[in-house]
Amino acid sequence: MIEYRNLRIALLGGGSVGAQVAALLREHGDELASRAGAGLELVGVAVRDVNAERHPPIPQHLLTTDAEALILGADIVIELIGGIEPARTYILQAINSGADVITANKALLATHGPELFDAAEQVGAQLYYEAAVGGAIPIIRPLRDSLAGDRVERILGIVNGTTNFILDLMDTKGESLESALATATALGYAEADPTADIEGYDAAQKAAILASLAFHTTVPLEAVHREGITSVTPAQVESARKAGFVVKLLAICERLVDPVTGVAGVSARVHPALVPLSHPLASVHGANNAVFLEAEAAGSLMFYGAGAGGIETASAVLGDLVSAARRHVIGGPGVAESTHANLPVLPITSVTTRYQITLSVIDQPGVLATIASMFSDHGVSVEAVAQSVSPATVVVAGTDEPRATATLVIGTHEATEADLAATVAALKSSEVVSAVVSVLRVEGL
Ligand code: HSE
């Protein structure tokens, strides 16, 4: 029987992930010790209320409300409280007392990451955060280690399970956004305040973390362009399907060159997008997550699985725990976060992509030519046009006559955000356009 040195593990938070981490650590402690080369002794779990019900239950003697005392006696601190404070203060205390830290806190990393990484580097501690993006899916370590010798060009991620679940129900069952959200909430997928999910804040935090790692550059949360899914309608989803696409909320991180200034940099954005049904991301259903990545040498890779859930996320936390324990056994300082490239972070206006625009137009001779000229006047090249007769009629200002309308679905070649915005403004003010029904970016072609 090998005698291992014991490492003292402090757990902050006894929620759905924390309770599973505590249970798995007790259940598989011996096996994890042999993998880590050190005993992993859970010395306590800091919680707000020691009497709250927990699933699975945590032995009462481990529970405490004194997080600071627990941190001071620990070799490794696992922060699963979430939110900014007191999580930030506890992590800084842990780092400054010489502990390594494991966290799943995407909001904190996206907003205070550089402060925490700097603090860790100062004392040679290590901050691990595999569970912060994509739950159980290994994506942080592949970006940080496995792909460290490659050049990541682009990431397309479905990183919010709630919105994927909602859009999937809208697509496969024709549900409204409201009823799909109610189901997501009932199943416990949505955050306490679903705004974080449906308005894209949660995905934007994850995009900032992924872009920072992928491009060795600090990408602040404020630089992530964000649009949620609240304006996506069942009609848009249905017409997308008919045209061979599915609507997904994507986190897109990419290297790009601003077409006007010629500045080379990176960008991160979150918005609903049309994904071709033939793309691997189109088959990510339910609350699952996936990160599709293109690297110069590796080519295309996809990481797929459960993006949330107590026991699934606990898997990523325990992986970090074994890594942290191995580092303690070997000794030496932690590896600093790589931000050496420090590339300019470009705004959404630097982005070039394809679009699909759906218009309701007056059905009369010359309308198609008028609309085509609005695209060409703003430098946007049309790739495809599909027209269908619409049952709706409109009454044009200054006339009493109801006029027949048609629906035009226009796909563009790559265009800049600025040129596209100018085209849409012109369409909106045109007399032959009764409504700009939807403007969606097309990704993954
Ligand atoms: N609310 C998040 C989601 C949980 O739906 O993906 C994981 O961050």
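When a ligand or atom number is given, it counts from 1 through the structure's own listing order.
Of the inter-residue distances, the one linking Leu256 atom CG with Asp258 atom CG reads 7.0 Å to the nearest 0.5 angstrom.
Taking the ring centroids of Tyr355 and Phe375, they lie at or beyond the 6.0 Å cut-off.
In this structure, the side chain to side chain contact (heavy atoms under 4.5 Å, CB included) partners of Gln20, at least two apart in sequence or on a different chain, are Pro56, Ile311, Ala314.
Closest non-hydrogen pair, Ala125 versus Arg327, comes out as CA-NH2, 4.2 Å.
Seen from the ring of Phe215, Arg255 does not count as a face-on cation partner, given the 6.0 Å and 45° thresholds.
More than 12 non-hydrogen atoms from other residues, nucleotides or ligands lie less than 6.0 angstrom from CZ of Arg26.
Near ligand 1, residues Lys106, Asn160, Gly161, Thr162, Tyr189, Glu191, Asp197, Asp202, Lys206, Gly307, Ala308 each place a heavy atom inside the 4.0 Å sphere around the ligand atoms.
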